[in-house]
Amino acid sequence: MTERKKPYPFDVFEPKWQAIWDDQKTFKTPNPGDANFDASKPKYYVLDMFPYPSGAGLHVGHPEGYTATDIVARYKRMKGFNVLHPMGWDSFGLPAEQYAIKTGQHPAITTFQNIDNFRRQLKMLGFSYDWDREIATTDHDYVRWTQWIFLQLYHSYYNTDLKKARPISELEAQGLSRDEIDAKRLAYVAEVAVNWSPDLGTVLANEEVEEWKSKGHTVERRPLRQWMLRITDYAERLIDELEPLDWPESIKLLQRNWIGKSEGAEVQFTINGEEITVYTTRPDTLFGATYMVLCPEHPLVDTICSDEQKAAVAAYREECASKSDLERTDLAKDKSGVFTGAYAINPVNGNQIPVWIADYVLMGYGTGAIMAVPAHDERDFEFAQKFNLPITQVVQPPSEDINWQGYCGYEGTSINSDFLTGLPTPEAKATMIQWLEEKGKGNKKVNYKLRDWLFSRQRYWGEPFPIVWEDGHHKAIDESELPLLQPELDDFAPTGDPRGPLVKATDWISYSETAQRETNTMPQWAGSCWYYLRYLDPHNEYRFVDQAVEEYWMGSSKQAGGVDLYVGGTEHAVLHLLYARFWHKVLFDLGHLTTNEPFHKLVNQGLILGEDGQKMSKSRGNVVNPDDIVLEYGADSLRLYEMFMGPLKDVKPWATKGVEGISRFLARVWRVAFRENQEGKWELNPKLVSGDSAEESKILPSRKELHKSIKKVTQDIEDMSFNTAISKMMECTNTMTSAEQVDVTDYATLLSLLNPFAPHLTEEIYSQLRDIFPQLPEGQLCQHTWAVAEEKYLIESSVTVVVQINGKLRDKMEVPVNTSKEEIEQLALNSERVQSFIEGLTIRKVIVVPGKLVNIVAN
RNA sequence: GCCGACGUGGCGGAAUGGUAGACGCGCUCGACUCAAAAUCGAGUUCCAAAAGAGUGUGGGUUCGAGUCCCACCGUCGGUACCA
């Protein structure tokens with residue numbers, strides 16, 4: 001790359017201002033109780049999703065959201081808010097651990113190096129974070145409180161009457177047994193089928209399986225004893241309390257679908273005198289239940305299976321057990337199953353129906369058993385066809401055109417259904433539920449797709465559980481023993497032992513003569529579940545966050561949720577945002593927090609694609625490195641370009657030519673203030689004037705444009721429509737560029753509008769101008785008050801009114817602002833062009849929109 | 001399959017139901033220069049221009065539709081036997 005002259009000297013002043021902000025702690029935010037805290041100002045908490053500090057460094061996607069929040073943060077400060085704008089690191093994670101295994105280097109070392117690199121890159125972009133609040137989830141001090149929160153979960157249960165978490169001590173007081181209590185904890189142990197990767201030596205979340213498989217790792221299904229968090233108890237609240245939040249409707253929907261609420265009934269069938277419960281959303285179709293299906297893992301399978309079918313059933317169960325969730329769904333097209341030899345009695349008509357097992361019924365949802373109604377369920381229909389099972393129609397579709405066979409989901413009228421016959425579906429459902437409840441054969445039931453959260457991992461680089469095992473029972477260690485750090489290990493490699501690599505630390509494991517430590521660690525989600533709370537009070541040694549501080553930053557009497565603005569990618573629409581909401585609610589229930597929701601307003605930035613319109617990836621070779629862009633065009637150009645590309649939430653392709661355009665714009669802003677002299681030095685542009693040297697007529701066009709810009713930019717920032725704000729500032733700059741004179745205060749005001757977007761350039765120009773024009777207000781622009789548009793400069797004396805004939809544009813005319821409707825109509829009709837078009841036509845109607853247009857309807 | 005978002009110049013994108021294409025990129029021409037770069041100025045939806053056409057397609061509502069309604073097509077994202 002050849003070194004060419006910079007269009008303006010960003011390479012000199014950008015590092016200079018970054019150093020000033022660092023040294024003077026310009027963006028340090030005091031807490032309530034701190035010396036220079038101003039309680040009269042309203043608060044505003046702007047949060048970014050903190051990054052995982054990968055070895056690859058910052059991606060251009062990071063500065064997109066981070067610039068948006070930085071603009072808002074700087075704007076709100078100028079508007080007179082106490083602004084909290086922190087940054088930190090989500091620094092536990094599998095990649096660091098894999099790298100450690102490969103190189104033998106401790107993951108803490110690479111993690112710290114990566115954090116240093118990320119911090120350098122973020123500072124290079126001039127974000128106004130309060131770096132004194134920086135945290136990393138791997139900090140010992142942070143781990144301590146993550147573990148403390150886990151203990152809050154461990155020591156709580158969900159009280160279904162109060163619909164909130166309550167301390168376990170309440171159950172102890174009720175005299176419940178140890179096992180009964182353990183079965184109610186929000187953090188509990190269960191034997192579950194997991195995705196185990198022998199070569200990674202850990203279980204993986206369902207959504208991680210694909211990724212690691214593609215990297216050549218093997219993943220298998222096996223039952224393991226795991227820590228679980230009882231998020232399902234919160235399913236209802238996680239749906240209901242989403243409602244008042246200012247989130248994109250599509251994200252709310254995504255969460256609702258993920259939680260998957262459905263309303264129906266549980267129905268008791270009997271097999272050989274034993275009761276078995278099924279769940280259905282269509283109790284009105286009970287008369288059409290012609291067979292029953294249990295999932296292969298159902299506990300009743302062994303007891304009901306007939307001798308003749310034992311071998312076949314056992315073979316089928318084995319086949320299913322070896323399949324992963326993924327393989328099971330891959331084979332979704334083709335139904336498989338085996339007859340158990342048993343028959344169930346349908347409670348509504350006493351019919352004997354065959355009981356099958358099939359893998360299209362899942363253990364984890366409902367009761368793991370279904371009544372099959374092949375006439376009105378697509379899957380049951382397929383299955384019944386394949387195995388020649390009877391099909392009985394019990395719902396008449398709403399229209400003759402609809403084929404009832406296997407057609408599901410419609411509501412119609414019950415037929416062939418005894419006491420339900422003739423009833424429309426909603427009434428039939430209600431009637432059936434009432435009948436079941438009266439006979440003690442079933443009840444109304446709400447079900448959720450959401451499963452409990454599998455919370456353990458078999459990794460080294462994660463928070464250890466503050467738990468020990470004694471006599472086969474788990475128990476919490478004391479809070480005073482926190483943080484419980486991982487032992488030092490030279491070898492982190494997986495052993496194949498499903499307890500994880502920590503089993504190698506024999507000294508560490510041994511807690512006492514009789515007790516041993518839990519060797520599982522927490523998933524990466526743990527740290528990201530509450531980091532926004534630790535920012536509030538990051539150095540507190542006594543509490544995870546001080547109560548008064550938490551109440552100030554998170555509390556609000558008017559809105560739901562504490563963080564005023566949260567910006568991040570859609571990839572976290574469900575998991576992170578659901579997990580964080582869950583933890584927040586538990587802490588709220590236990591009295592530790594003031595709001596029941598963490599994030600009031602959520603905005604998702606859109607993905608930035610490569611120049612080729614494809615997703616950026618190393619293999620495609622279309623990755624843009626922010627370091628390169630900053631070197632060539634400067635940080636302000638990168639910031640501005642990413643905001644100018646298009647609406648924040650849209651997916652949009654990168655174009656380096658576009659960065660050049662933005663760089664030209666910033667150079668134009670610079671050249672309103674400075675011009676190059678003979679020696680190539682920048683000197684004051686003589687068009688900048690003040691006081692007596694200003695000629696009203698020469699400075700007025702710029703001033704008018706400026707005030708329009710103030711209005712537009714203010715509104716656009718409020719709407720987070722940054723691209724249009726920038727185009728308005730471009731227009732204003734263009735006006736000043738071509739003006740003969742510009743009043744220096746007008747120009748300074750433009751700089752203050754641009755300051756949140758391009759902080760380095762604007763501070764540099766302003767500080768230089770203040771040396772020449774001492775009448776300008778003191779201090780950095782970012783500490784000034786946001787400009788207010790003056791009405792007198794917004795008023796125009798005349799407007800362009802367009803004249804349409806039958807909706808087609810035919811003429812334009814310039815009229816004084818206050819011209820009456822009647823006058824405008826007359827002027828339009830008198831226009832020569834209009835005359836030529838309406839010649840020979842009859843005018844039917846004339847519509848006049850004052851100040852805008854005239855539409856003449858004629859034929 | 002289902003759910004959601006989106007379809008506007010050569011490109012990124014603007015448009016409270018009221019002048020479609022702001023602003024920027026690219027391109028063309030001009031000024032400056034020995035020359036180039038940079039910069040500044042003019043132009044740039046299509047058609048040679050007038051007329052006309054034009055916001056994925058077809059209908060509808062309206063004096064007037066990119067915008068509202070119905071149907072369809074396409075692209076992207078999420079989800080996947082949830083009974």
Side-chain angles (χ1 to χ4, degrees), chain A residues 4-5 7 248-251 253-254 256-258 260-262 264 278-282 285 293 295 325-326 328-335 358-362 364-373 376-380 382-383 408-409 447-451 570-571 573-574 606-607 609 613 615 640-641 644-647 649-662 664-665 667-668 671 675-676 721 723-731 733-734 737-738 800-812 844-849 851-858:
Chain A
R4 58 180 181 80
K5 186 166 163 43
E249 218 31 66
S250 58
I251 300 293
L253 195 67
L254 229 48
R256 271 189 226 110
N257 290 344
W258 188 266
K261 181 177 179 171
S262 74
V278 302
Y279 173 72
T280 178
T281 54
R282 293 297 298 267
T285 62
V293 186
C295 68
D325 261 5
L326 228 73
R328 241 166 108 151
T329 53
D330 271 355
L331 301 167
K333 307 109 211 163
D334 199 24
K335 294 274 180 294
D359 66 359
Y360 82 93
V361 174
L362 308 169
Y365 185 76
T367 61
I370 62 157
M371 60 177 219
V373 185
H376 307 291
D377 182 279
E378 218 179 324
R379 299 149 301 178
D380 296 344
E382 258 177 60
F383 192 82
C408 56
N447 243 319
Y448 298 94
K449 279 201 270 187
L450 186 70
R451 312 291 163 84
T570 340
E571 66 273 20
V574 269
L607 202 63
L609 304 174
K615 210 167 179 166
L640 220 64
Y641 171 65
F644 187 62
M645 292 171 82
K649 43 185 192 298
D650 286 9
V651 177
K652 43 214 175 278
W654 179 270
T656 300
K657 278 284 180 194
V659 188
E660 260 175 56
I662 283 291
R664 277 204 280 271
F665 160 60
R668 250 187 346 262
R671 288 198 310 268
R675 63 177 190 187
E676 223 170 351
S721 176
N723 55 332
T724 51
I726 293 167
S727 67
K728 189 70 207 171
M729 290 186 283
M730 285 174 168
E731 289 183 81
T733 303
N734 290 344
T737 297
S738 47
T800 307
V801 171
V802 299
V803 184
Q804 297 180 335
I805 294 167
N806 295 330
K808 284 196 167 65
L809 178 68
R810 293 304 184 194
D811 200 8
K812 296 181 187 183
R844 302 291 172 191
K845 200 172 182 181
V846 180
I847 286 139
V848 182
V849 182
K852 276 261 163 73
L853 64 68
V854 179
N855 191 12
I856 299 164
V857 186

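A note on names: the letters A, B, ... follow the listed sequences, proteins ahead of strands, and every chain is numbered from 1.
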- Task: Indicate, yes or no, whether a donor-acceptor pair under 3.5 Å links the base of B/C23 to the side chain of A/Lys728.
- Result: no
- Could you state the CZ-C1' distance from A/Arg256 to B/G78, rounded to the nearest angstrom? 15 Å
- Message: Nearest whole Å is fine: how far is B/G18 P from A/Lys808 NZ?
- Response: 18 Å
- Whole-Å distance, A/Lys657 NZ to B/G24 C1', equals 13 Å
- Query: How long is the line joining CG of A/Asp650 and P of B/U75, in whole Å?
  - Reply: 19 Å
- Note on the structure: Of the candidates B/C23, B/G18, B/G26, the side chain of A/Lys852 sits closest to B/G18
- Query: Expressed as a whole number of Å, how far does the P atom of B/A22 sit from that of B/G9?
  - Reply: 13 Å
- Message: Rounded to whole Å, please give me the gap between CG in A/Asp811 and P in B/U19.
- Response: 15 Å
- Which of these nucleotides, B/G24, B/A83, B/C81, is closest to any side-chain atom of A/Val361? B/A83
- Message: Base, sugar-phosphate or nothing for A/Asp380? Non-hydrogen atoms, less than 4.0 Å.
- Response: nothing
- Message: Judged by each residue's nearest nucleotide on RNA chain B, which is more toward the 5′ side, A/Ser250 or A/Ile856?
- Response: A/Ser250
- Task: Could you give the distance separating B/A65 and B/U19 at their P atoms, to the nearest angstrom?
- Result: 11 Å
- Item | Between P of B/A83 and CZ of A/Phe383, the distance in whole Å | 18 Å
- Counterpart base for B/C63, defined by Watson-Crick or G-U wobble contacts under 3.5 Å: B/G18
- Task: Could you pick out which residue, A/Leu450 or A/Val651, lies toward the 5' side of RNA chain B when each is mapped onto its nearest nucleotide?
- Result: A/Val651
- How is A/Arg675 classified with respect to the nucleic acid when contacts are heavy atoms under 4.0 Å: base, sugar-phosphate, or nothing? nothing
- Message: Measuring only the P atom in each nucleotide, how far is B/C81 from B/C73? A whole number of Å is fine.
- Response: 26 Å
- Message: Under 3.5 Å for both donor-acceptor distances, Watson-Crick or wobble: does B/U75 have a partner, and if so which one?
- Response: B/A5
- Pick the P atom in B/A80 and in B/A14, then give their distance to the nearest Å. 33 Å
- Query: So what does A/Asn806 touch, heavy atoms closer than 4.0 Å: a base, only the sugar-phosphate, or nothing?
  - Reply: nothing
- Does atom NZ of A/Lys261 have more than 12 heavy-atom neighbours from other groups under 6.0 Å away? yes
- Using atom C1' of each nucleotide, how far apart are B/A36 and B/G18 to the nearest Å? 49 Å
- Item | Watson-Crick or G-U counterpart of B/G10, or none if no pair lies under 3.5 Å | B/C25
- Between B/U62 and B/G26, how far apart are the C1' atoms? Round to whole Å, please. 39 Å
- Nearest to the side chain of A/Lys652, which nucleotide is it out of B/U39, B/G12, B/A83? B/G12
- Rounded distance in Å - NZ (A/Lys845) to C1' (B/G64): 10 Å
- Is the glycosidic torsion of B/G9 within 90° of 0, making it syn, or is it anti? syn
- What integer number of Å spans the C1' atoms of B/G56 and B/G52? 22 Å
- Message: Taking the minimum atom-to-atom distance to the side chain of A/Asn723, which one of B/A83, B/G12, B/A14 wins?
- Response: B/A14
- Proximity to the side chain of A/Pro647 - top-ranked nucleotide from B/C25, B/A83, B/G13: B/G13
- Task: Side chain of A/Met730 only, please: which of B/C23, B/C63, B/A83 is the nearest?
- Result: B/C23
- Integer-rounded Å distance: B/U62 C1' and A/Gln804 CD: 13 Å
- Message: Regarding A/Glu249, tell me which of base, sugar-phosphate or nothing describes its non-hydrogen contacts under 4.0 Å with the strands shown.
- Response: nothing
- C1' atom, B/U8 versus B/G21: distance in rounded Å? 8 Å
- Item | Nucleotide forming a Watson-Crick or wobble pair with B/U33, both distances under 3.5 Å | none
- Item | Sugar-phosphate only, base, or nothing, as touched by A/Asn257 at under 4.0 Å among non-hydrogen atoms | sugar-phosphate
